[in-house]
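Down below is the structure, laid out as structure tokens.
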Number of protein chains: 2
Amino acid sequence: MAGAGAAGGAGGRAAGARYRRLATELREAIASGAYGAGGRLPSEEELAQQHGVSRGTVRQALAVLRANGLVTSRRGTRRVVLGTARTQSFFELLSFTRWARALGEVPGGRTIDISSGPANPLEAEQLGLEPGTQIHRVLRLRTLSRVPIMIERTIYPEHIGAVIAGLDPDAISHTEPLADQGVVFADAEHTVDLVYADDEDARLLGCDPGSPLMRERRRATDPAGTPLEWSDDRYLPGTVSFTVHNSAASTALSRRRG
Amino acid sequence: MAGAGAAGGAGGRAAGARYRRLATELREAIASGAYGAGGRLPSEEELAQQHGVSRGTVRQALAVLRANGLVTSRRGTRRVVLGTARTQSFFELLSFTRWARALGEVPGGRTIDISSGPANPLEAEQLGLEPGTQIHRVLRLRTLSRVPIMIERTIYPEHIGAVIAGLDPDAISHTEPLADQGVVFADAEHTVDLVYADDEDARLLGCDPGSPLMRERRRATDPAGTPLEWSDDRYLPGTVSFTVHNSAASTALSRRRG
DNA sequence: TGCTTCAAGTTGTACAGCCAACTTTGATCC
DNA sequence: GGATCAAAGTTGGCTGTACAACTTGAAGCA
């Protein structure tokens with residue numbers, strides 16, 4: 001069996017690459033407590049034989065768990081289980097709706113304003129376009145179980161905005177219909193800081209002007225690096241926190257001045 | 001030349017693994033604009049020949065850049081340069097001193113209080129110890145160019161605290177001496193949210209009690225997953241922001257309720 | 001012009017093997 | 001009893017090979 005290939009070879013019953021499926025299986029096994037809290041994983045060789053794959057494929061799967069902070073990884077000893085699970089996915093961070101549902105809460109959204117027009121220089125830079133290019137703007141109030149939580153100001157390039165504009169105005173999720181239309185979100189950059197509510201923020205969120213808010217600014221791109229959306233989300237205090245795992249091996253987090 | 005091995009084989013002049021050195025070289029090449037903004041990288045095969053390594057090693061190096069959000073990565077086309085550079089390292093996030101120096105500012109620290117004693121239940125959980133175990137506590141005011149920026153409350157398990165206690169009280173960095181003593185920081189989990197200054201915060205930072213602060217709570221561990229420190233850092237508004245890059249392939253960021 | 005088809009180029013996935021570096025354990029020795 | 005050393009076990013690192021999946025641009029055709 002030299003060179004089985006990705007989907008054409010032996011397995012091929014489910015979707016995705018073999019190592020991804022293996023990573024999911026291992027994540028679920030850990031979550032179910034199969035190895036215990038703080039327990040040791042089987043050796044790479046054992047896992048390879050158990051699942052009928054090569055050691056290289058096992059290592060790819062384990063690298064995923066490692067990056068998510070689920071297991072340790074050091075030379076000389078078997079891997080140790082750290083967190084029992086972290087179901088959080090890339091999309092739960094991108095989509096307010098997905099996130100809320102994963103929490104077991106009821107997401108809501110009221111579209112305050114929707115418009116399109118030429119991008120000002122700032123907006124153009126955020127979306128990597130030339131100033132004056134047509135863009136779409138959406139302002140929405142987001143709720144959890146009918147309670148206002150966050151105010152969301154998003155801008156889209158024209159080809160994305162056209163899809164958004166065609167949606168049901170009462171649609172709760174905007175991200176999911178995009179995915180259905182074949183728009184692929186691949187990367188995102190999130191910046192978190194503290195700002196003070198302006199008059200519009202205060203009116204919509206029901207707080208005082210000048211009161212503090214958690215701000216998350218986000219730029220999402222497709223696999224080619226082309227910006228798909230840029231958003232400025234402002235949360236009422238006490239409603240969210242952001243958690244990051246990083247390691248000496250792979251760092252994606254940074255602290256910035258101001 | 002089948003199976004050259006890590007440091008024993010051909011190269012071996014500098015420190016670290018071959019793919020890490022290659023990743024650094026590529027990062028610097030990108031930062032210097034060698035491939036232009038938005039330019040294309042050479043193919044994996046070309047890079048392999050240019051640097052005298054196998055394609056597998058090139059791919060390991062590129063995976064690092066990918067995780068840092070420096071380049072795209074999609075099947076069928078050459079990689080495209082995204083960000084021009086992100087020198088930020090794991091340690092600049094861990095160490096206030098390292099971070100400040102990378103910014104070109106002068107870091108300062110005044111130790112307000114240092115003590116040791118048995119851990120209360122909360123502290124014990126944060127460090128993964130039994131309640132009542134001896135721990136060390138440090139309270140410090142951090143400054144940039146003599147201006148107060150942040151208040152830092154850190155606790156250490158005994159074996160680390162012993163090293164801290166032996167330091168010069170005026171030492172600016174605590175993390176760096178630990179590294180010199182052979183303490184290896186491998187992983188960290190950071191949680192960012194918004195809190196209101198208590199009386200102590202306000203007195204030390206020179207703000208009003210109840211005024212908003214950015215809080216970063218951090219747990220750092222060694223390669224085996226054993227906690228080395230737990231810290232609660234509170235920044236004055238407008239002094240910092242936190243940025244994260246994540247992708248559908250590897251997610252380490254999550255948003256949480258409250 | 002506009003469309004399809006094809007071929008070349010590039011990255012993704014998977015396999016196999018080898019050695020190095022490190023951890024742990026147990027045996028040996030003093 | 002305690003320190004030292006050897007061996008086994010495990011992960012890290014690197015190479016080589018093969019094929020699949022995808023992107024792109026050019027050729028060909030209507």
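The ring-ring contact (aromatic ring centres under 6.0 Å, His included) check on B:Phe96 picks up B:Trp99, with sequence neighbours excluded. Every residue meeting the side chain to side chain contact (heavy atoms under 4.5 Å, CB included) condition with A:Gln60, not counting sequence neighbours, appears here in chain and number order: A:Tyr19. Take A:Ala124 and apply the side chain to side chain contact (heavy atoms under 4.5 Å, CB included) test, not counting sequence neighbours, and it matches A:Ala119, A:Pro131. Considering only residues two or more places apart in sequence or on other chains, B:Arg153 meets the salt bridge (Lys or Arg N to Asp or Glu O under 4.0 Å) condition with B:Glu200, B:Asp201. Under the side chain to side chain contact (heavy atoms under 4.5 Å, CB included) criterion, B:Leu228 pairs with B:His159, B:Ile160, B:Val183, B:Phe185, B:Asp222, not counting sequence neighbours. By the side chain to side chain contact (heavy atoms under 4.5 Å, CB included) test, B:Glu158 is found to be paired with B:Gln134, B:His136, residues two or more places apart in sequence or in another chain being considered.
Atoms CG (A:Leu41) and P (D:dT11) sit 9 Å apart, rounded to a whole Å. C:dA8 atom P lies 17 Å from atom CD of B:Glu45, rounded to whole Å. Rounding to whole angstrom units, CZ of residue B:Arg18 and P of D:dG13 are separated by 14 Å. The separation between B:Arg74 atom CZ and C:dG9 atom P is 19 Å, rounded to whole Å. Atom CG in A:Leu22 sits roughly 13 Å away from atom C1' in C:dA14 (whole-Å rounding). Separating the CG atom of B:Leu65 from the P atom of C:dT11 is a distance of 13 Å, rounded to the nearest angstrom. Rounded to whole angstrom, the span from the CD atom of B:Gln60 across to the P atom of C:dT11 amounts to 16 Å.
Overall, the helix from C:dT1-D:dA30 to C:dC30-D:dG1 carries an axis bend of 10° between its ends, with five pairs at each end and the value rounded to 10°.
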Filtered N/O pairs between nucleotides 8-10 of chain D and protein, under 3.5 Å:
from: D:dG9; atom 1: N2; to: A:Gly76; atom 2: O; distance (Å): 3.2
from: D:dT10; atom 1: OP1; to: A:Arg78; atom 2: NE; distance (Å): 2.9
from: D:dT10; atom 1: OP1; to: A:Arg78; atom 2: NH2; distance (Å): 2.3

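Contact record, A:Pro118 with A:Gly132: CB-O, 3.4 Å, taken as the closest heavy-atom pair.
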List, one per line, each side-chain donor-acceptor pair under 3.5 Å for residues 32-43 of chain A, sequence neighbours excluded.
from: A:Ser32; atom 1: OG; to: A:Ala29; atom 2: O; distance (Å): 2.9
from: A:Ser43; atom 1: OG; to: A:Glu46; atom 2: N; distance (Å): 3.2

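No hydrogens or angles considered: nothing links the side chains of A:Asn68 and A:His245 as a donor-acceptor pair under 3.5 Å.
For the contact set between residues 47-57 of chain B and DNA chain C, defined by any heavy atom under 4.0 Å, the members are B:Arg55.
Screening residues 120-130 of chain A for side chain to side chain donor-acceptor pair (under 3.5 Å), with sequence neighbours left out, gives A:Asn120-A:Glu123, A:Glu123-A:Arg137. The stretch residues 54-64 of chain A participates, sequence neighbours left out, in these salt bridge (charged side-chain N to carboxylate O under 4.0 Å, His left out) pairs: A:Glu44-A:Arg55, A:Glu44-A:Arg59.
Residue B:Arg59 places its side chain closer to C:dG12 than to any other of D:dG13, C:dA14, C:dG12.
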